[in-house]
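Shown next, in structure tokens, is the structure this report addresses.
Whatever order the structure lists ligands and atoms in, that order sets their numbers, starting from 1.
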Amino acid sequence: MNSGFSHITVLLEEAVDALSVRADGCYLDGTFGRGGHSRLILGRLGPEGGLLGFDKDPQAIATGQALAAEDGRFVIVQRSFAELADELAARGLIGKVGGALFDLGVSSPQLDDPERGFSFLNDGPLDMRMDPTRGVSAAEWLASATAEEIARVFKEYGEERFARRMAQAVVQRRQERPFERTADLAQVLAVANPAWEKGKNPATRAFQGLRIHINNELGDLERGLEAVLESLEVGGRLVVISFHSLEDRIVKQFMRRQAKGEADKLPRDLPIRLAAFEPRLRLIGKPQYASEAELKANPRARSAVMRVAEKLR
Ligand SMILES: C[S@@+](CC[C@H](N)C(=O)[O-])C[C@H]1O[C@@H](n2cnc3c(N)ncnc32)[C@H](O)[C@@H]1O
């Protein structure tokens with residue numbers, strides 16, 4: 001399936017370098033997308049190596065299947081990375097993964113194709129699901145959620161200051177007519193937003209909040225990080241690229257918590273150190289951002305931040 005929309009991979013070399021690919025290792029790409037990172041990982045693997053890709057999106061899966069047909073070392077799975085523990089257990093891969101990469105959020109084709117319903121710039125059906133065969137669409141959710149629930153989503157996940165006002169405008173308008181199209185919703189949100197920011201569509205934050213909620217992005221991330229730690233082999237790398245502060249906070253706190261261990265919570269006079277309190281990850285380097293050259297070629301890389309850690313035990 002080629003939708004005609006493309007994705008420019010962010011931090012391509014940096015992320016794959018950070019994985020420290022071993023030619024005969026088994027790797028995980030939790031967010032296959034259009035396979036930019038996956039192809040470079042495959043390029044560094046030898047004939048004994050393997051790569052397992054995950055994505056929720058049917059168009060990403062179609063691209064992954066085409067790649068799997070031409071390269072026997074690659075397998076693609078249509079599943080959330082939140083469920084990777086089950087998938088890896090079924091494949092006997094727990095504790096055997098040499099490195100895992102998550103390039104979070106949405107792909108450019110999801111944003112650019114109005115038919116996917118993520119775009120406030122180009123009108124389309126109000127869907128916003130990465131996997132349109134599961135869960136509820138944005139239109140369905142907005143038709144039944146309370147004003148308080150909608151305001152919470154705009155505020156917590158969109159960091160929208162005028163969340164309540166905007167939620168009330170949505171609830172008021174839906175009494176006349178349900179929301180079915182992205183441009184219709186964007187217009188109502190724009191009118192309700194009293195403080196337009198220069199160079200930013202006034203519906204941007206609310207749309208981000210909705211998208212994160214509809215796809216359970218933060219919940220999936222928390223589950224995925226916990227599961228991936230179990231799946232890595234000792235010395236295996238975890239590489240995560242985030243695109244907004246809510247994601248990055250979860251990644252940063254997870255890595256720090258696992259790198260610190262919880263030894264400081266133990267009573268000082270305890271004679272033995274309990275293994276359960278020892279650190280499980282070691283942080284590798286500082287957070288990394290896209291270079292000037294990359295930003296010139298791909299402005300979407302401007303909010304990307306990459307964090308890397310290595311499994312200790
Ligand atoms: C930024 S894109 C990845 C691009 C990819 N690295 C490339 O080079 O083409 C993010 C992808 O992750 C997928 N995705 C987001 N959350 C997911 C989840 N919880 N489980 C599986 N896939 C997810 C999206 O559908 C999207 O295709």
Pairs of donor and acceptor atoms involving the side chains of residues 81-94, under 3.5 Å and at least two apart or interchain, shall be tabulated with distances.
unit_1, atom_1, unit_2, atom_2, d
E83, OE1, R79, NE, 2.8
E87, OE1, R79, NH1, 2.8
E87, OE2, R91, NE, 2.9
E87, OE2, R91, NH2, 3.1

Could you check whether atom CD of Q187 has more than 12 heavy atoms from other residues, nucleotides or ligands sitting under 6.0 Å from it? no
For E197 and R161, what are the C-alpha separation, side-chain angles and deciding distance, and is it a salt bridge (Lys or Arg N to Asp or Glu O under 4.0 Å)? CA-CA 12 Å; E197 293 164 58; R161 268 196 301 153; 6.0 Å; no
Would you say CD of E48 has more than 12 non-hydrogen atoms from neighbouring residues, nucleotides or ligands within 6.0 angstrom? no
How would you list, by chain and number, the residues with a heavy atom under 4.0 angstrom from ligand 1? H7, T9, G30, T31, F32, G33, R34, G35, G36, H37, D55, K56, D57, R79, S80, F81, D103, L104, G105, V106, S107, Q110, M130, D220
A quick test of your reading: do over 12 heavy atoms of other residues, nucleotides or ligands sit less than 6.0 Å from CZ of R181? yes
Could you walk me through whether E233 and R22 pass the salt bridge (Lys or Arg N to Asp or Glu O under 4.0 Å) test, one step at a time? CA-CA 12 Å; E233 62 187 16; R22 217 183 51 237; 2.7 Å; yes
